Each structure stands twice: as structure tokens, then as C-alpha cells.
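What follows is a short report on a single structure.
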Amino acid sequence: GAGWLEVQTSQGLIAGCRIFNDATDGTFGQFVPGLPIPSAGPEGTLIIPGLRSDQGFRTNLGLTSLSDVDTTIEVTMYSNDGVALGTENVPLPAGAFIQLVKILNQTFGYEGSAWAEIRALDPDVIFTAHGSVVDGSTGDPSFITASEQAID
């Protein structure tokens, strides 16, 4: 099956998870770390490097709201040589996690290596983002943490 788990507490808590495939030769996958809320942007823009959609690889983009209001997240993709591939505005409900599957190919019609610039259209919203580059032949994912970049 597939799904997500929401964890709420009145005390301090950091949660992480391991997402994996269970193959005949064993398990393989990725660890998704917990993030402390103060570092989860956006006082600026989140940047996710190392994305790709080529030779059997696909990129999924995860967006997680840590706010109690709905917002729109602006995702701009760039090829590795800095050419803007386009911008997509993504509705993100309060407290929700969404995953944009095969975002480079299906949303931007792009094959190759790229990076993402992500920001909330409401500057008071707290959210975080991550990338997952998946090898299509094995299902093996690589987790890519977003880095925060201050807005000038």
C-alpha cells in the first residue's frame, strides 16, 4: 500500500522514516530525516539540486505544510546550465504533505539534469520540500534535502 502518517504532539518531537523496497535480494531505499520546525523555511527560497529525468531516472518532489492555513507553493525548475524550464503553482493545504510524481517529465516536459527553486506565495507560511530521484529499473530512491536561500 501507500500513504502517509501524520504525527501530532504537545511536546518536542522529531520523526523520521525509512522508505524502502523489499526485494528478493533484500531491502533498499532511503531515509527521510526529521526537520526541526525553525529550519523548515521559508524565510527565503528553498533550493533542491541534483534532480534528473533521463536514462530511466525520475524525480518526485515532496511538499509539506507546517502551517494551519492553505497556501500556494511556486516551483520553478532550471536546467543545470541555468535555463528556466518553467514555473508551476501548486496548492498546498494546511498541514498536508503532497508528492508531485515525475515532475520534470510530466509537469515541465524535460529530460536531463535540473534543480528547483521553491517558495510560498504567502511569506508567513512555514513549509519544507524535498526531492527524490528514483532509478526506474530498480526503484532505488535518493533523498535530496532542500537548502534555504535568503531572499535579497
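Quick caveat: nothing in here was measured; it's all calculated off a predicted structure. Note: hydrogens, waters and symmetry copies are ignored here, and every other heavy atom, side chains too, is used.
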If every non-hydrogen atom of Ala116 is compared with every non-hydrogen atom of Met77, which pair is closest and at what distance?
-> CB-SD, 3.7 Å
Audit row: Glu117, Ile47, side-chain contact (heavy atoms from CB on, under 4.5 Å) steps and yes/no | CA-CA 5 Å; Glu117 182 178 77; Ile47 303 295; 3.9 Å; yes
Quick one: are Arg52 and Ser113 in side-chain contact, heavy atoms under 4.5 Å?
-> yes
Distance from Thr145 atom OG1 to Leu46 atom CG, nearest 0.5 Å?
-> 11.0 Å
Report the residues that fulfil side-chain contact (heavy atoms from CB on, under 4.5 Å) with Thr64, sequence neighbours left out, ordered by chain and then residue number.
-> Leu66, Phe97, Thr128
Would you say Ile144 and Pro49 make side-chain contact, with heavy atoms under 4.5 Å?
-> yes
Determine the minimum heavy-atom distance between Ile48 and Gly131, stating which atoms define it.
-> CD1-N, 3.8 Å
List in chain and number order the residues that pass salt bridge (charged side-chain N to carboxylate O under 4.0 Å, His left out) with Glu74, two or more places apart in sequence or in another chain; answer none if no residue qualifies.
-> Arg119
Any idea which heavy atoms bring Ala129 and Ala146 closest together, and the distance?
-> O-CB, 3.2 Å
dist Glu111:CD -> Gln55:CD (nearest 0.5 Å) comes out at 9.5 Å
Heavy-atom pair of closest approach, residues Gly50 and Val133 = O-CG2, 3.5 Å
Mind running side-chain contact (heavy atoms from CB on, under 4.5 Å) on Asn89 and Ile73 for me, showing each step along the way?
-> CA-CA 6 Å; Asn89 289 334; Ile73 303 296; over 6 Å; no
Results of side-chain contact (heavy atoms from CB on, under 4.5 Å) for Ala114 - residues two or more places apart only | Leu85, Leu104, Tyr110
How far does OG of Ser67 sit from CG of Asp122, to the nearest 0.5 angstrom?
-> 7.5 Å
Pairing residues for Val90 by the side-chain contact (heavy atoms from CB on, under 4.5 Å) criterion, not counting sequence neighbours = Leu63, Val75, Glu88, Ile98, Leu100
Shortest non-hydrogen separation from Ser65 to Gly95 and the atoms involved = OG-N, 3.1 Å
From CG (Leu61) to CG (Leu51), nearest 0.5 Å | 7.5 Å
For Pro91, which residues count as a side-chain contact (heavy atoms from CB on, under 4.5 Å) partner, sequence neighbours excluded?
-> none
For the residue pair Leu92 and Thr72, establish whether any side-chain heavy-atom pair is separated by less than 4.5 Å.
-> no
In terms of heavy-atom contacts, Pro93 and Asp70 come closest through CA-OD1, 3.4 Å
Tyr78 meets the ring-ring contact (aromatic ring centres under 6.0 Å, His included) criterion, sequence neighbours left out, with Trp115
Is there a donor-acceptor pair closer than 3.5 Å between any side-chain N or O of Asp140 and the backbone N or O of Asp135?
-> no
